[in-house]
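Reading through the structure tokens given below for one structure.
Here, residue 1 is the first one in the sequence, and each next residue gets the next number.
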Amino acid sequence: MPDPISPLEPDQPFCFTCSPEGVCFNACCRDLNQALTPYDVLCLKHYLKRSSGDFLQAYTETHTGPESGLPVVSLRFDGTGDLACPFVTDAGCRVYPARPASCRTYPLARGVSRNRETGQLTEHWAIIREPHCLGFDGGRSQTVRTWIADQQIADHNRMNDMMLELISLKNQYRPGVIGPTDARTVYTALYDLDAFRDKIFNNQDMVGIPVDAHIRERAATHDRDLLIVAMAWVGQRIFRLPKKERSPLA
């Protein structure tokens, strides 16, 4: 029996197919504890044509990371005894084009490490074989690189890596638990982007935030750029990062 989690090189082939014809179709959308990244929330609220505040209220719940005090946003499973995703239907995912990065990546898992001297990121991949998933039986051969392209994961990874870098820098320069007031501010800035744009983006507190001028200009109307600005703002105003550490977020 193969290991449930096995390392995988980017060009190493693996066999997997998921389709409505599979007897396990949608099984991976149940019994979930689905955390959402800020970029996941951005994509989902755009697809559903809702404000960030409305989306968060309707579909998510938030708890506090015990070691950091940072907000952790997850999908809420109201009235679903099997912990089914609120977006899953018998026909499949109703938000499939905007599905979270973890859904796009499955059955692969991705980790990253950063060289402290060069700042270079190295990806680490593994394949997950869960008992309920039968997609490996007769699935088509592909590689990590082709899976990334097919599932359109690259942009999610870039944005999520920026978030991971922000958390890493917070742990380095402001270790321990942040207070509830700062936690609420982080939540607004990173997850409730519409509120961040209304309450913070255009006020004087944005002066000196280290982001590229073009990104700052586009952020007035484009949420992806606004999220980049928000991460830089959180790094400077809440996590109090030294200037030399702000460039990865710009």
Side-chain angles (χ1 to χ4, degrees), residues 32-78 86-87 98 100-102 156 159-211 215-216 218-243 245-246 248-250:
L32 287 175
N33 181 12
Q34 180 69 59
L36 299 175
T37 69
Y39 192 62
D40 289 335
V41 172
L42 184 161
C43 294
L44 286 165
K45 72 103 171 178
H46 269 285
Y47 185 78
L48 294 169
K49 296 180 171 57
R50 304 184 72 153
S51 71
S52 53
D54 286 346
F55 172 83
L56 291 165
Q57 183 176 16
Y59 295 110
T60 72
E61 59 186 13
T62 304
H63 68 273
T64 300
E67 297 182 359
S68 67
L70 295 175
V72 179
V73 176
S74 303
L75 284 178
R76 187 169 64 239
F77 307 110
D78 290 347
F87 302 120
S102 58
H156 283 73
M159 295 298 293
N160 292 338
D161 285 348
M162 292 176 67
M163 182 65 182
L164 289 174
E165 175 69 0
L166 179 62
I167 294 172
S168 175
L169 290 171
K170 180 268 176 198
N171 293 338
Q172 182 179 353
Y173 290 102
R174 193 179 173 185
V177 177
I178 65 172
T181 300
D182 282 347
R184 286 192 295 271
T185 301
V186 171
Y187 175 84
T188 298
L190 301 183
Y191 295 94
D192 195 352
L193 281 176
D194 294 317
F196 177 75
R197 180 181 278 117
D198 291 341
K199 296 177 180 179
I200 300 172
F201 177 69
N202 290 315
N203 69 28
Q204 288 300 308
D205 198 38
M206 293 302 300
V207 174
I209 298 303
V211 291
I215 292 176
R216 170 68 183 271
R218 290 194 301 264
T221 53
H222 291 78
D223 280 352
R224 186 183 185 278
D225 296 289
L226 183 64
L227 179 55
I228 295 173
V229 172
M231 285 190 278
W233 183 86
V234 166
Q236 184 177 74
R237 295 290 191 262
I238 308 301
F239 298 160
R240 300 190 292 271
L241 302 182
K243 184 176 295 186
E245 293 291 4
R246 293 175 190 156
L249 306 175

Handout entry: Residues which pass salt bridge (Lys or Arg N to Asp or Glu O under 4.0 Å) with Arg174, listed by chain and number, not counting sequence neighbours
Key = Asp182
How long is the span from the [atom1] atom in [X] to the [atom2] atom in [Y], to the nearest 0.5 Å?
X      : Y      : atom1 : atom2 : answer
Trp233 : Ile200 : CH2   : CD1   : 4.0 Å
Thr62  : Tyr191 : OG1   : OH    : 8.0 Å
Leu169 : Leu164 : CG    : CG    : 11.0 Å
Asn171 : Leu166 : CG    : CG    : 9.5 Å
Glu165 : Lys170 : CD    : NZ    : 14.5 Å
Thr185 : Ile238 : OG1   : CD1   : 5.0 Å

Problem - Verdict with reasoning, Met206 to Phe201, per side-chain contact (heavy atoms from CB on, under 4.5 Å) - result: CA-CA 6 Å; Met206 293 302 300; Phe201 177 69; 4.2 Å; yes
Practice task
Indicate yes or no: at least one non-hydrogen side-chain atom of Tyr59 is less than 4.5 angstrom from one of Leu48.
Solution key: yes
Practice task
Evaluate the side-chain proximity of Met231 to Leu227: yes if any heavy-atom separation is below 4.5 Å, no if none is.
Solution key: yes
Exercise for the section: Can you sort out the partners of Asp54 under side chain to side chain donor-acceptor pair (under 3.5 Å), two or more places apart, ordered by chain and number? Expected result: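 Partners of Asp54 under the side chain to side chain donor-acceptor pair (under 3.5 Å) test: Ser51.
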Practice task
Would you confirm whether Asp194, through its side chain, and Ser52, through its main-chain N or O, come within 3.5 Å as a donor-acceptor pair?
Solution key: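 Checking the backbone N and O of Ser52 against the side chain of Asp194, a donor-acceptor pair under 3.5 Å is found.
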Handout entry: Any donor-acceptor pair under 3.5 Å from Arg197 side chain to Ala219 backbone
Key =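 The answer is yes, because a donor-acceptor pair under 3.5 Å joins these two groups.
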Tell me the closest heavy-atom pair linking [X] and [Y], and the distance in Å.
X      : Y      : value
Val229 : Ile209 : O-CG2, 4.2 Å
Gly69  : Ala183 : O-CB, 3.3 Å
Tyr47  : Ala98  : CB-CB, 3.5 Å
Met159 : Ile228 : CE-CG1, 3.9 Å
Phe196 : Thr188 : CB-O, 3.7 Å
Leu226 : Leu193 : CD2-O, 3.5 Å

Problem - Lys49 vs Phe55, side-chain contact (heavy atoms from CB on, under 4.5 Å): CA-CA, chis, key distance, verdict - result: CA-CA 9 Å; Lys49 296 180 171 57; Phe55 172 83; over 6 Å; no
With a cut-off of 3.5 Å and sequence neighbours excluded, list every side-chain donor-acceptor pair involving residues 32-44.
{"residue": "Gln34", "atom": "NE2", "partner": "Ser102", "partner atom": "OG", "Å": "2.7"}
{"residue": "Thr37", "atom": "OG1", "partner": "Tyr39", "partner atom": "N", "Å": "3.4"}
{"residue": "Thr37", "atom": "OG1", "partner": "Asp40", "partner atom": "N", "Å": "3.0"}
{"residue": "Thr37", "atom": "OG1", "partner": "Asp40", "partner atom": "OD2", "Å": "3.2"}
{"residue": "Thr37", "atom": "OG1", "partner": "Asn160", "partner atom": "OD1", "Å": "2.9"}
{"residue": "Tyr39", "atom": "OH", "partner": "Asp155", "partner atom": "OD2", "Å": "2.6"}
{"residue": "Asp40", "atom": "OD1", "partner": "Ala101", "partner atom": "N", "Å": "3.0"}
{"residue": "Asp40", "atom": "OD2", "partner": "Thr37", "partner atom": "N", "Å": "3.0"}

Handout entry: Criterion side chain to side chain contact (heavy atoms under 4.5 Å, CB included) against Tyr187, the qualifying member of Thr64, Leu56, Val72
Key =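 The single option meeting the side chain to side chain contact (heavy atoms under 4.5 Å, CB included) with Tyr187 is Leu56.
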